[in-house]
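In what follows, chains carry the letters A, B, and so on, assigned in the order in which the sequence lines appear, proteins first and then strands, with residues in each chain numbered from 1. These numbers come from the heavy atoms of this one structure, side chains and all, not from hydrogens, waters or symmetry mates.
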There are 2 protein chains.
Amino acid sequence: MLDGMTTPRDPVGPGLAALAGLLADETRAGFLLTLLDGRASTAGELARQAGVAPSTASEHLGKLVAGGLLAEERQGRHRYVRLADAGVAQLVEDLAAQVAPGAAERPRTLREAAAGSAMARGRTCYDHLAGRLGIALTDALTGRGLLRQDTGFALTDAGLRWFEAAGIPLDRTGRRPLARACLDWTERRPHLAGTAGAALCRHALDAGWCVRIGSDRAVKVTPDGERAFAELLGIEATALR
Amino acid sequence: MLDGMTTPRDPVGPGLAALAGLLADETRAGFLLTLLDGRASTAGELARQAGVAPSTASEHLGKLVAGGLLAEERQGRHRYVRLADAGVAQLVEDLAAQVAPGAAERPRTLREAAAGSAMARGRTCYDHLAGRLGIALTDALTGRGLLRQDTGFALTDAGLRWFEAAGIPLDRTGRRPLARACLDWTERRPHLAGTAGAALCRHALDAGWCVRIGSDRAVKVTPDGERAFAELLGIEATALR
DNA sequence: CGGACACTTCGGCGCTCACCGAACGATGGC
DNA sequence: GCCATCGTTCGGTGAGCGCCGAAGTGTCCG
């Protein structure tokens with residue numbers, strides 16, 4: 001750099017580079033992907049999963065928290081961290097979606113293939129459902145005229161009534177959009193995110209329509225869930241497998 | 001890193017970090033922000049604006065092109081580069097929006113304040129209109145029932161008819177959504193992006209409703225444009241200043 | 001109160017990478 | 001054909017950063 005005599009720079013440039021720098025490390029990126037389900041982890045847990053020393057993980061977490069990407073909560077001798085908000089989750093999702101298309105990402109080992117298959121079937125994406133499950137729900141909503149995708153991405157009035165009838169309350173007070181498209185990185189198609197997507201996911205888990213598999217982001221549909229999805233949205237059970 | 005014995009990693013992690021690494025350099029971030037208007041620049045021009053040696057800029061451009069963020073077009077001894085596609089533009093926009101809220105970004109010099117003011121009034125954001133102008137158009141469309149924002153973000157049937165009546169054709173064949181919300185980093189509010197936003201911006205420039213100011217992303221509304229916006233959307237001229 | 005545990009701080013190592021200047025094609029104008 | 005211009009390639013340099021292990025701090029439990 002020469003001096004200050006250059007053309008007036010965008011003030012947002014350095015900030016953008018600093019933010020991207022937080023995501024530019026493989027270990028930190030792994031932390032964020034691990035936390036993408038919206039749940040909290042401890043520092044040691046993240047260190048083990050990433051294969052780095054606890055001291056290294058501690059430094060990374062410090063940077064991510066300072067950068068506003070993670071929120072922390074100290075409980076005794078534990079340090080719990082989670083994504084700061086839905087905006088951060090969306091950002092990580094967008095980046096992941098941008099990178100996925102190039103490499104079709106074929107799995108290398110059988111274990112990874114099995115894990116990837118479960119994830120492809122159904123998983124949570126921060127606070128909403130993704131994978132083939134998420135796509136199936138989104139398609140069903142769209143096919144029944146409850147969600148409009150041809151001119152953007154929004155619930156219809158019939159969609160609002162459907163949520164009410166299903167007993168899934170929608171909080172419309174916040175600034176967060178009711179419906180938003182989230183690009184699925186395994187299906188390469190948009191699925192329902194936003195307040196409505198979060199409410200649907202929460203209700204599906206609360207009502208036992210879906211359960212989490214292990215400690216991963218993967219979820220699977222229960223028999224109860226198959227009945228509910230068939231009854232409420234006309235989804236055939238075969239579409240969920 | 002120890003070896004391959006660690007917990008099966010997300011295959012997308014390294015790719016995400018690599019992509020973020022491209023954005024993590026201040027000079028490269030500046031390039032992308034400069035190109036955010038969708039137009040092409042030469043390598044030397046970018047080098048001068050960023051205040052780095054031509055050789056340095058050349059290396060950066062090589063990385064950005066290899067990473068799929070920029071598309072290049074060689075013409076004689078010139079190397080023109082531009083953003084690869086709308087997805088890249090959206091990504092940069094999202095990152096910029098994420099970073100802006102933290103720092104209110106008060107300008108430092110009078111020149112910057114003037115330039116920032118013009119940008120805040122109206123500008124292009126890749127291929128659609130942003131700034132107060134973009135917000136005013138989006139609000140007017142919403143207020144007239146042409147765009148629905150309360151349950152997501154989508155044009156209404158009346159909106160489709162409005163575009164047709166205004167003589168602005170909408171290409172609905174591509175995979176790109178017709179309407180999408182793009183968060184404005186000066187106004188902190190969503191404005192119309194996607195195919196419809198691009199068509200509206202293009203038409204506004206073609207019809208002389210707006211003209212570009214200098215070589216920047218900034219645009220201003222012409223008297224013709226004030227009349228057109230008043231007639232078609234009921235926007236008062238004072239809202240555009 | 002002492003030991004196990006979770007995390008943090010610190011010093012140091014090694015690698016990566018942005019940067020420059022100089023030399024080298026390649027193109028286009030005179 | 002000659003020269004200016006644009007871009008690229010190449011060595012070299014310096015700063016930054018991710019990583020570790022060792023030592024230190026705070027917390028919980030027996």
Between A:Asp171 and A:Arg176, is there a side-chain heavy-atom distance shorter than 4.5 Å? no

What's the CD-C1' distance between A:Glu45 and C:dC5, to the nearest Å? 15 Å

If you check every side-chain atom of B:Pro54, which of D:dC20, D:dT9, D:dT8 has the closest atom? D:dT8

Assign each of A:Ala57 and B:Ala53 the nucleotide of DNA chain C bearing its closest heavy atom; nearer the 5' end lies the nucleotide of A:Ala57

For nucleotides 12-18 of chain D, just jot down a letter per nucleotide in 5' to 3' order: B, S or -, based on protein non-hydrogen atoms under 4.0 Å. ------S

Is it the case that atom CZ in B:Arg172 sees more than 12 heavy atoms from other parts of the structure closer than 6.0 Å? yes

Between A:Gly68 and A:Val88, what is the shortest heavy-atom contact and its length? O-CG2, 4.1 Å

Choosing from C:dG21, D:dC20, D:dG26, which nucleotide comes nearest the side chain of A:Arg77? D:dG26

Taking the side chain as C-beta and beyond, is there a heavy-atom pair between A:Arg121 and A:Leu133 under 4.5 Å? no

Rounding to a whole Å, what distance do you find between B:Phe31:CZ and C:dC19:C1'? 12 Å

Is any side-chain heavy atom of A:Leu83 closer than 4.5 Å to one of A:Leu69? no

Would you mind reading off the distance between A:Glu73 atom CD and D:dT27 atom P, rounded to a whole angstrom? 16 Å

Report the distance from atom CD of A:Gln75 to atom P of D:dC28, rounded to the nearest whole Å. 10 Å

Using only modelled atom types and a 3.5 angstrom limit, is any donor from either the side chain of B:Thr42 or the base of D:dG7 paired with an acceptor on the other? no

Value in whole Å for how far the C1' atom of C:dT8 lies from NE2 of A:His78: 15 Å

Anything under 30° is parallel, anything over 60° is perpendicular, the rest tilted; go ahead and classify B:His128 against B:His191. tilted

Could you state the CG-P distance from A:Leu46 to D:dC19, rounded to the nearest angstrom? 13 Å

Ignoring hydrogens and geometry beyond distance, is the side chain of A:Arg79 in donor-acceptor contact with the base of C:dC7 at under 3.5 Å? no

May I ask you to decide whether B:Asp184 forms a salt bridge with B:Arg123, counting only side-chain N to carboxylate O separations under 4.0 Å? yes

Starting at atom CZ of A:Arg74, determine the distance to atom P of D:dG26, rounded to an integer number of angstrom. 12 Å

Atom-to-atom span, CZ of B:Arg48 to P of D:dG7 - whole angstrom: 8 Å

